[in-house]
Amino acid sequence: MPRPALARARRLVVKVGTGTLTDAAGRFDRENCARLSAELARVAAGRRLVLVSSGAVALGAERLGLVRTRGRPWDIATKQACAAVGQPHLMAAWGEALGARGLQVAQVLLTAEDLASRKRFLNARRTFQQLLERGVVPVVNENDTVAVEEIKVGDNDTLAALVAGCVEADLVAMLTDVEGLYDRDPRERGAVLFHEVERVTAEVERLAGGAGSERSTGGMITKVKAARRLGAQGVVTALLSGRRPGALAALLAGERVGTVFAAAARRLSARDGWLSAAAKGKGLILVDAGARRAIEEKGKSLLPSGVKGVHGQFGVGDPVEIAVEAARPFARGLAGYGADDVRRLAGKKSAEIEATLGFRYTDEVVHRNDLVLLD
Ligand code: GLU
């Protein structure tokens, strides 16, 4: 989507980072929240808007009188307690500030595990749809009370990308404490801002690796990785300063602010987006190199003949990873047969399915329509 086309974005996810909502001392910045809300309200007119807001931990820490000592991060349980204290205050702040502009807010708390489950993902999607149809602004955050380790999304940049898939957004704007992606640490002299990034290459990720900020969880790298994933799904990502007045409106007017990451021309359907970004394989199917080529290069289904082995347990319709080497899956799809049946079908011809299992659902172990390539 070239810049002027951003004006056509109708479904918008705006991610607001902790650095945008707190001052240098880590205190909640009501003024910036109010200013942003005024801008968000203007942007929301004629568009569907979802906010992903951090700040619960910072607000909770402020309420609990905790001071962060340099270089000593709080442990997880402390952060969880802070988030639990801070979340209602965060919602109250948005409710008040957006309410003053005539917008109603709703709290949506999610975890990675919620979005990996097809059922919960669809439930969340339905809730989002209802809210958006009613002109309500969902304010999303990770459910930090229950989200630790493997069920944690981890940072709200990644959460924003998952939510974008769930609501079929066409643009994700990440508001942060710098103007966008620079060629080096933006605090260094002579740092140059990239206005457009065509493709998130390893080099772009390397650049992002260094430039962090103290108050945000992810720094730049999680934003750039989210942009890469969103781009593959056909969603444009923009990085913007959450402190520059009018930045969001300027972006939507096609002006040259922040960094815009280009996206694939074709947007994945919500289901394929879920498969590629949110779903987790319940098991893994090992395939031979021929099957990999057929899937990757020719867009073919996975047939029993290409199967070499199966890891884990899954049922019909469960998400599974597909790999030549177990550690590096190249595709994810919905299983056409359960794990034990796929084990028995490994290396067989499709014509032998019935004789092997005593029944036959389909010729494919994973149908091409139920399959996405992983980047
Ligand atoms: N959920 C955390 C919070 O609200 C933020 C995580 C993040 O900033 O990425 O404070």
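Counting convention: from 1, in listed order, for ligands and their atoms alike. Quick note: numbers below take in every heavy atom, side chains included, and nothing from hydrogens, waters or symmetry partners.
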Worksheet item: Does Asp29 come within less than 4.0 Å of Arg243, counting only side-chain N to carboxylate O?
Response: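 Result for this pair is yes, salt bridge flagged.
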Fill in: Ionic contact status for Arg10 with Asp170, cut-off 4.0 Å
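No, no charged N to carboxylate O under 4.0 Å.
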Discussion item. As a check for students: among Leu109, Leu59, Leu90, Asn156, identify the option with a heavy atom nearest to atom 9 (O) of ligand 1.
Written reply: Asn156
Discussion item. Quick test of your reading of the structure: of Thr158, Thr222, Asp157, Asp144, whose heavy atom lies closest to atom 2 (C) of ligand 1?
Written reply: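 When every heavy atom of Thr158, Thr222, Asp157, Asp144 is considered, Asp144 comes closest to atom 2 (C) of ligand 1.
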Item to complete: Kindly compute the distance separating CD (Glu364) from CG (Leu371), expressed to the nearest 0.5 Å.
Response: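 Answer rounded to 0.5 Å: 10.5 Å.
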Fill in: Reported CG-to-CD distance for the pair Leu59 and Glu62, which is rounded to 0.5 angstrom
6.0 Å
Discussion item. Checking the N or O distance criterion of under 3.5 Å, is ligand 1 in contact with Ser53?
Written reply: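 N/O-N/O distance under 3.5 Å: no.
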Worksheet item: Is any N or O atom of Gly55, backbone or side chain, closer than 3.5 Å to an N or O atom of ligand 1?
Response: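 The answer is yes, given that Gly55 and ligand 1 share an N or O pair closer than 3.5 Å.
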Worksheet item: Strictly under 4.0 Å, does any heavy atom of Ala83 approach an atom of ligand 1?
Response: no
Fill in: Under 4.0 Å to a heavy atom of Asp155 - the qualifying atoms of ligand 1, by number
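Checking each atom against Asp155, I get 9 (O).
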Worksheet item: Which ligand 1 atoms does Asn141 reach within 4.0 Å, using its non-hydrogen atoms?
Response: 1 (N), 2 (C), 3 (C), 4 (O)
Worksheet item: Hey, does the Lys NZ or Arg CZ of Arg292 hover above the aromatic six-ring of Phe330, less than 6.0 Å from the centre and inside 45° of the axis?
Response: yes
Item to complete: For Ser53 and Trp94, test the side chains for any donor-to-acceptor distance below 3.5 angstrom and give the result as yes or no.
Response: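 Yes - a donor-acceptor pair under 3.5 Å links their side chains.
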